Amino acid sequence: MDELEAIKVTFFQECEELLADLEGGLLAMQDGNDDGDTVNAVFRAVHSIKGGAGAFGLEPLVRFAHVFETLLDAVRSNEVPATPDLVVTLLRASDVLADHVSSARGLGVVDEAVSAAMAAELKACTDPNAAPAPVAAPVVEAVAFEAAPVAAAPAETLIGADDALDDDDLGFDFQPMTITIDEQAADVAAAAGNVWTVSIRPKSDLYRKANETALLLRELARLGPIEATLDASAIPPLDMLDAEAAYATWTVRLETEEDETAIREVFEFVDGDCDLEITRGEGLAPDAALAALLAGEAPAPVAAPAAPEPVIVAEAPAPVVIEAAPEPVAVAPVVEAAPAPVAAPVAPAAPVAAAPAAAKTQQIDVPGPGQSVIRVDPERIDRLIDLVGELVINQAMLAQRVGEYGIAPSSNLAMGLDELEQLTREIQDSVMAIRAQPVKSVFQRMPRLVREVASMTGKQARLVMDGENTEVDKTVIERLSDPITHMLRNAIDHGLESPEERKAAGKNPEGVVKLAALHRSGRIVIEVSDDGKGINRERVHSIAIKKGLISPELQLTDEEIDNLIFLPGFSTADKISDVSGRGVGMDVVKRSVQALGGRISITSRPGQGSTFTLSLPLTLAVLDGMVVDVAGETLVVPLAAIVESLRPKPEEVRPLGPVGSVLAVRDSFVPLIDVGLTLGYRDSSPPPTEGVVLLVEGEDGSRAALVADAIHGQRQVVIKSLEQNYQQVDGVAAATILGDGRVALILDVDAVISLRRREPPRPAEPTLIAAE
Amino acid sequence: MTVLSLPETLDLKASGPLKAAFLERRGDAVEVDAGNVRRLGGLCLQVLLAAKTAWAADGKSFSIRAPSEAFVETTRLFGAEGALLSADIHGVQS
């Protein structure tokens, strides 16, 4: 990947974030939060995408973003009210913009007709009085339309974000600006409050990041007529010139009605890569070129008394951050400034803003380069996590060795080891925190999905999201998107009824689909629920029989029938719809979730809706566990699942059926599960009273008592995936390496509970309720 | 007299090769064909300006032939028409 490609990748990463911001902002507006900050954030997101796209010459994206941005600008300035209808339109426009970004990235193609229609719609929203544009050429129209009000400004350039755009294509003739000394002198005399002097000193990084001074100048020209004066004095002789270094600087005289913020926004993308000074009024172009240009009139602009805020020029390379001057600076030093600092090549003199307020803004708005977010190759973090895992194992081994030598816990060595353990744990937490991300990044893509699926299926759906800030390891996040997408599609397509059906059932025609994330038992749980008709159990049952998935004689509980939809080859849709049933069944979702060490289940109530529950480990790296002995094997039981551990008394154990037994725990009965038997380590269970019982709770809240032979203690273990290194094993979640170097299996508590449920033939197993 | 044809895009990637192309032709009068240029960036502008200065120092002729509208327009935008373009081009209203 060459450098430019790498920058492009970064740009698209940023686009993802910006699109998420955009949608988030629009959704906030939809919820009635249309304060200036939100609207500004929305505008900036589109503006930033446009600017970046311009740098890469992504013309269709720039054009669409431009039309979009124009409307948002009007909303921002309250020219167009942000009505709920408008926000809906803006949301759809954000979808089209996302398509353009994807297309520019080479992922998919934009539907030109949709894009054109959307652009026309945006344009119509921007100015309802404008003649409706023919849909066939909306973008061109939109740009021409934008140019119209400013046609009088001679130096107005278009689009601005992309100098690769052909002006002719845009139906607009470029009007070049000219610099004549007479005009300039006249202007100086007439200098009004709306004249600004913008000093631009690009750094080499600006070009390296594929930004371009020409674009900045063009953007400035969008605000009003500009006159740029080039200072080429710092450019070295050709043979000594570094072709990729920035030498030239510019001083731009800008006439605009806009305020300083608008001017600063032009430079939003080059923060830190460009020294910038913006002063009101005429500034002295501090360079030799202008001195030559002005041919002996050098002091003229400085002497201009008409400028409302006096501006002076420092005589030498000036600091980037300007100290606020409490009082307007006297004009006295001006004369000293007259000799242009030709000898100071890179940093020519800087105009000093006299107004303290202006200087202050400058300090805030030009952040240093160190304030940005660091982007790190995830592989480096993964390597770090691996190493910390090894450190944890190593520390455990060391502790074990020390224990073997019988060193007293109060000794310095043992205490030092404790501290080491503490530190190791903290390092591990910190490293994991680097990878932890809120699920928001996945959730934010879902409102669009719901909109699209609802419109395709003719249903009305509202998405309610909860727990977007729940954090989970990045590796898990990346794999959440597909199952959530599928579950949401399913919820709308199969779960929700049509508006008519809903009305007939006395429900709100608009269905509610809820997407929630929460932490439970050390795992992340994602719930997708709808308030639709629920699972038609009769139909599911009959389809399963018809497809030969189950035998007709089998008696199933409601829950078991619901879970039939996860069987391979099951699809309830009579016809394959566009939305669901595209060959990816729930069984595929279930398998992909299981591969991650997760589980998926469904509960449903007829007429009230269904809930899909997806549970995944928070991280795929570490786990707090209880180390136990079972039939001579060492196993690890996740601590999060354990409620309590106890040694059962004989009177607490009651037989149940031919082989089963239950344990009386306080006022309830819990099935006893011999782990050794379930996993096949032994053929018959020893009496439970000889072992230890771990009372565990599954994700669905069901409890069980796991019987083990002995407990070794609690330990943090590093998870080594069985799926990656071997294969999936029923009842086993993963493996780990113990302090003594042996491999131990980590128990999958839920799987062990359900394995036991399945093991004995059903008719022989009366339910617990029957026993009571 | 040697002719140097400028590519369509004069951006970051073009600046190094452009400098090399000028260095190769050093000592000869050069005619820069800017007819194809659609995009002129700040870095290549610097190279062109440095080259023009170098040719002037060598006492050799340096001219820009038939510049495209985009070239002229961007040069003006940069405020570099006086330094780079000859008077006849300079005066043209595109």
Side-chain angles (χ1 to χ4, degrees), chain A residues 2-4 7 55 57 155 157 162-168 173-179 200 202 204 206-218 220-221 226-232 234-248 250-252 285 289-290 292-293, chain B residues 8-27 30 37-58 60 62 67-85 89-94:
Chain A
D2 69 18
E3 205 171 347
L4 192 70
I7 299 165
T157 58
D162 181 11
D163 60 353
L165 284 180
D166 192 335
D167 289 325
D168 289 338
D173 279 333
F174 175 74
Q175 298 269 313
M177 61 215 122
T178 52
I179 300 180
I200 308 168
S204 303
L206 180 137
Y207 296 109
R208 216 165 281 148
K209 293 179 185 169
N211 280 311
E212 180 48 66
T213 311
L215 302 184
L216 298 173
L217 294 172
R218 254 175 240 281
L220 275 182
I226 67 164
E227 286 159 25
T229 309
L230 167 72
D231 178 4
I235 302 179
L238 184 64
D239 44 0
M240 294 172 55
L241 173 114
D242 175 354
E244 296 190 359
Y247 302 101
W250 284 266
T251 304
V252 181
L290 183 66
L293 196 69
Chain B
E8 273 191 21
T9 305
L10 288 169
D11 60 0
L12 170 82
K13 281 199 279 191
S15 62
L18 181 63
K19 178 192 163 186
F22 275 120
L23 286 179
E24 260 175 37
R25 289 164 174 77
R26 190 83 190 254
V30 69
V37 176
R38 288 172 56 86
R39 190 166 167 186
L40 169 64
L43 292 175
C44 287
L45 176 78
Q46 292 180 161
V47 176
L48 287 169
L49 290 168
K52 183 155 187 184
T53 310
W55 258 251
D58 295 349
K60 300 287 178 186
F62 179 103
S68 65
E69 276 185 22
F71 186 88
V72 175
E73 182 264 301
T74 315
T75 309
R76 285 209 176 102
L77 188 70
F78 275 130
E81 71 277 44
L84 205 55
L85 300 179
I89 298 166
H90 187 175
V92 169
Q93 297 284 311
S94 53

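Reminder, nothing fancy here: chain letters follow the sequence lines and each chain counts from 1. No experiment lies behind these values; they were computed from the predicted model shown.
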A.B. asks: Does some side-chain heavy atom of B:Leu48 sit less than 4.5 Å from a side-chain heavy atom of B:Thr75?
C.D. replies: no
A.B. asks: Only pairs of heavy atoms separated by less than 4.5 Å count here; which of A:Ala243, A:Pro236, A:Ser204 has the most with chain B?
C.D. replies: A:Ala243
A.B. asks: Side chain, backbone, both or neither: which part of A:Pro202 has an atom under 4.5 Å from a heavy atom of chain B?
C.D. replies: neither
A.B. asks: Are any non-hydrogen side-chain atoms of A:Leu217 and A:Ile200 less than 4.5 angstrom apart?
C.D. replies: yes
A.B. asks: For A:Leu241, which atoms come within 4.5 Å of any heavy atom of chain B: side chain, backbone, both, or neither?
C.D. replies: both
A.B. asks: At a heavy-atom distance under 4.5 Å, which candidate from A:Asp239, A:Leu206, A:Leu220 has the highest pair count against chain B?
C.D. replies: A:Asp239
A.B. asks: Is chain A contacted by the side chain of B:Ala54, its backbone, both, or neither, given a heavy-atom distance below 4.5 Å?
C.D. replies: side chain
A.B. asks: Please tell me if the side chains of B:Leu40 and B:Phe78 come closer than 4.5 Å, counting only heavy atoms from C-beta onward.
C.D. replies: yes
A.B. asks: Check whether any side-chain heavy atom of B:Leu43 sits under 4.5 Å from a side-chain heavy atom of B:Asp11, and report yes or no.
C.D. replies: no
A.B. asks: What I want to find out is whether A:Arg218 reaches A:Glu212 closely enough, with some N-O distance under 4.0 Å, to be called a salt bridge.
C.D. replies: no
A.B. asks: Do B:Val72 and B:Glu81 have side chains that approach each other closer than 4.5 Å (heavy atoms only, starting at C-beta)?
C.D. replies: no
A.B. asks: Checking heavy atoms, do the side chain of B:Leu45, its backbone, both or neither come under 4.5 Å from chain A?
C.D. replies: side chain
A.B. asks: Name the region of B:Leu49, side chain, backbone, both or neither, that has any atom closer than 4.5 Å to a heavy atom of chain A.
C.D. replies: side chain
